[in-house]
Amino acid sequence: MILESGNNYIGALKGNQSGLFKDVKKFFLAESTYQQINKGHGRVEKRYVSICQNLDGIRSWPGLTTLIQVKSERQVFTHNVIEVTNETRY
């Protein structure tokens, strides 16, 4: 219905679409990347947002034209200890 009305959509890719998720993890090639760093409240957050429009090796999905990858690194400073967490989302 979204595509039929001429609109676009964005969705989070999770493990419940296991085949597509595996394809994206394997074949995602960043064509452009933007970096953002935020500091405050005892933490530093770095985000790298990349896009990929080459869908070679990616199984078909209705309306899929661009993939977005967000890599996050969070450093939290508490009691002279630095905890680092990393996450990658599509």
Side-chain angles (χ1 to χ4, degrees):
M1 187 166 167
I2 293 171
L3 297 175
E4 293 165 358
S5 64
N7 291 298
N8 298 311
Y9 67 93
I10 188 169
L13 180 57
K14 298 181 181 178
N16 62 346
Q17 292 294 330
S18 61
L20 182 60
F21 189 74
K22 287 176 187 175
D23 291 350
V24 171
K25 284 178 66 172
K26 183 175 181 180
F27 295 108
F28 186 95
L29 293 172
E31 297 168 14
S32 179
T33 301
Y34 171 78
Q35 178 183 349
Q36 178 184 36
I37 300 174
N38 295 90
K39 298 177 185 178
H41 305 286
R43 64 181 175 258
V44 175
E45 295 188 48
K46 298 177 187 176
R47 289 181 200 85
Y48 303 89
V49 180
S50 303
I51 64 164
C52 172
Q53 293 182 312
N54 179 355
L55 303 180
D56 293 344
I58 309 293
R59 64 192 67 209
S60 180
W61 187 266
L64 181 63
T65 60
T66 304
L67 300 169
I68 302 170
Q69 178 190 66
V70 180
K71 288 187 175 186
S72 302
E73 177 186 285
R74 181 182 225 190
Q75 300 175 358
V76 179
F77 304 94
T78 53
H79 309 293
N80 296 323
V81 176
I82 301 174
E83 282 186 44
V84 179
T85 56
N86 292 289
E87 182 179 31
T88 300
R89 299 180 303 275
Y90 297 94

Answer with yes or no whether the hydrophobic clustering places L13 together with I10; edges join I, L, V, M, F, W, Y residues whose side-chain heavy atoms lie under 4.5 Å apart.
-> no
Can you tell me how far the NZ atom of K71 sits from the CD atom of Q35, to the nearest 0.5 Å?
-> 12.5 Å
Kindly compute the distance separating CG (L64) from CG (L55), expressed to the nearest 0.5 Å.
-> 5.0 Å
Below 4.5 Å, heavy atoms only, C-beta onward: do R74 and V76 meet side chain to side chain?
-> yes
What's the spacing between Y48 OH and Q69 CD if we round to 0.5 Å?
-> 12.0 Å
Any link between V81 and V84 through a network of hydrophobic side chains (Ile, Leu, Val, Met, Phe, Trp, Tyr) touching at under 4.5 Å?
-> no
Beyond-backbone contact of R47 with N38, side-chain heavy atoms, under 4.5 angstrom = yes
Do the side chains of I68 and V24 join up, straight or via other hydrophobic residues, at under 4.5 Å, putting them in one cluster?
-> no
Do you reckon F27 sits in the same ILVMFWY cluster as L29, going by side-chain contacts under 4.5 Å, direct or chained?
-> no
Report the distance from atom CD of Q75 to atom CG of N86, rounding to the nearest 0.5 Å.
-> 9.0 Å
Kindly work out whether a path of hydrophobic side-chain contacts (I/L/V/M/F/W/Y, heavy atoms less than 4.5 Å apart) joins I51 to Y90.
-> no
Donor-acceptor contact below 3.5 Å, side chain E31 vs main chain Q53 = yes
Heavy-atom pair with the smallest gap, counting every atom of C52 and F28 | CB-CE1, 3.5 Å
Taking atom CD of E83 as the centre, report whether more than 12 heavy atoms of other residues, nucleotides or ligands fall under 6.0 Å from it.
-> no
Heavy atoms only: give me the nearest R59-D23 pair and the separation to one decimal.
-> NE-OD2, 2.6 Å
CD-NZ distance between Q36 and K46, expressed to the nearest 0.5 angstrom | 13.0 Å
Rounded distance (nearest 0.5 Å) linking atom CD of E45 with atom OG1 of T85 = 8.0 Å
